[in-house]
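The block underneath contains the structure these notes are about, expressed in structure tokens.
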Amino acid sequence: MRPAAWGDRLHRFPPALGSCVAYLSTRDARTPPARLGFEDVLLAGLAPDGGLYVPDAWPPLDAPALRALRGRSYAEIACAVVAPFIGEALSAASLRPLVAAAYQTFDHAAVAPLKELGPELWLMELFHGPSLAFKDYALQLVGPLFEQVLKKRGQRLTVIGATSGDTGSAAIEACRERDCLDIFILYPEGRVSEVQRRQMTTVAAANAHAIAISGSFDDCQDLVKAMFADTPFRQALNLSAVNSINWARIMAQVVYYVAAAVALGAPERPVSFAVPTGNFGNVYAAHVARRMGLPIAELVIGTNRNDILARHFNTGAMTISRVEASLSPSMDIQVPSNFERLLYELKERDGAAVARALAEFRRTGSLPASASEWRAAQALFQACRVDDAETRQSIADTFRATGELLDPHSAIAVAAAKAARRRGDVPMVALACAHPAKFPEAVAAATGRRPELPGRLCDLMQRPERRPRLPNDLGAVEDYVRAHARATGKGGAP
Ligand SMILES: *Cc1c(COP(=O)(O)O)cnc(C)c1O
């Protein structure tokens, strides 16, 4: 296809869809509900009523649009997919260089390469970004988007977050060296792996701070919540979060589903995906792609022993139990926050009904779902629980059959793909969400082969670390943030 056709396409996308790019909160009970633009949704993350933002219409990705993406680079596909969600917040002319720069640092030319594992079974590698986990694919784009919007508004932000491992380094990599942002990540001292810790503590950027807290991940999360609840502090520092409920992260994750489907023959051929799932953000992005028009046959959710989603899709019950540690720590989650977005759709966009259901979920630990809602959800997703023994087996089997080393999260995707797929005639893509070298012990135990860090990180274990340590004490943490942040709140809270 001639480059001109691509240009036409790009230019036609935003104007045609500009009128429908508005966002609703999943808990807005008013009629009509409030409609927000992309900038406000980006900076706010969570809606004031506690709901999550969703677009009020799905930008269409019809057959001609998909054909126009054939042979395009990842950045070009990203531009086409995200432009309608961003709408007028950013012109096509300023979006293109921003997206191109976001994926330039990835260490594979295809950005999200596909590898064939077997007959109609593929692996999509999503670990070629700076932190070696799939969260980079969204955060590397969301960081510059934040910067762009803040500059336009003349504001500065202080980003704070807690991490049990992967999110912290992906967030630091997204925010480092950005003038409008300072970032503070709290992690539990001694409870993240050495690779994970060093990915945060060796970043030599003046605006990035990884702080060891003497406590658990829950303590770190409680400290973050307490800082947000401290209104004078929140306003003075202009606090913001980059957690996985931000719509912009979902939007950026739609891109690799589109890229993979087009590479495997969409729109003429459908494709299926298997996604290792924790917070339901990644697999929800696949659902969004399908709603936009991507021909997706099956969506398989893989969970570890923390299987609330597998239980839900297989039995209808959505009941919380205790979080248990597993080989795949990024999926050790009991409340899948992004499920609220699907619930909003299942309840036909009745924000009051969503708010009531979630209040009951909090009170009783059980989400009320009608039989018709459950059937509708089952038609969209299949789910499969993969325990630690099966995860090890999946790593070992894949290595024996293909020579590929899978990290435990990716191994769950492959195992779930094989166990739950119904359509053997449709290509199934399992998502490899982390590089095997992020979890070397588990991989070595299953295969006898110790995965190596990619070249650009080969000296990670020798790099100097900055390791500030603080007690599990709100006053101490706030003092530290105040002393090191550059935001003064003078720009006004967003
Ligand atoms: C975050 C993460 C997941 C879970 O993704 P969700 O969007 O929360 O469902 C799975 N695997 C890895 C490696 C992750 O970092």
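A quick note: this is a predicted structure, and the numbers were derived from the prediction, not measured. Every number for a ligand or one of its atoms is a count from 1 in the order of the listing.
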Open item on the list: Per the side-chain hydrogen bond (donor to acceptor under 3.5 Å, both in side chains) rule, what does the pair list look like for residues 219-228, sequence neighbours excluded?
Closed with: Ser216-Asp219

Open item on the list: Tell me whether the rings of Tyr137 and Tyr103 are parallel (<30°), tilted (30 to 60°) or perpendicular (>60°).
Closed with: tilted

Open item on the list: Suppose we screen for salt bridge (charged side-chain N to carboxylate O under 4.0 Å, His left out). Which residues come up paired with Asp136, at least two apart in sequence or across chains?
Closed with: none

TODO: Might you list the protein residues in contact with ligand 1, defined as having a heavy atom under 4.0 Å from one of its atoms, sorted by chain and number?
DONE: Phe134, Lys135, Asp166, Pro276, Thr277, Gly278, Asn279, Phe280, Gly281, Asn282, Ser330, Met331, His409, Cys433, Ala434

TODO: Check whether any side-chain N or O of Asn246 sits under 3.5 Å from a backbone N or O of Leu42 as a donor-acceptor pair, and report yes or no.
DONE: yes

Below 3.5 Å, can you tabulate the donor-acceptor pairs from side chains in residues 184-193 to any protein atom, sequence neighbours excluded?
from: Glu189; atom 1: OE2; to: Arg469; atom 2: NE; distance (Å): 3.2
from: Ser193; atom 1: OG; to: Gln196; atom 2: N; distance (Å): 3.1
from: Ser193; atom 1: OG; to: Gln196; atom 2: OE1; distance (Å): 3.4

Task: Close side-chain approach of Ile296 and Phe273, heavy atoms under 4.5 Å - done: yes

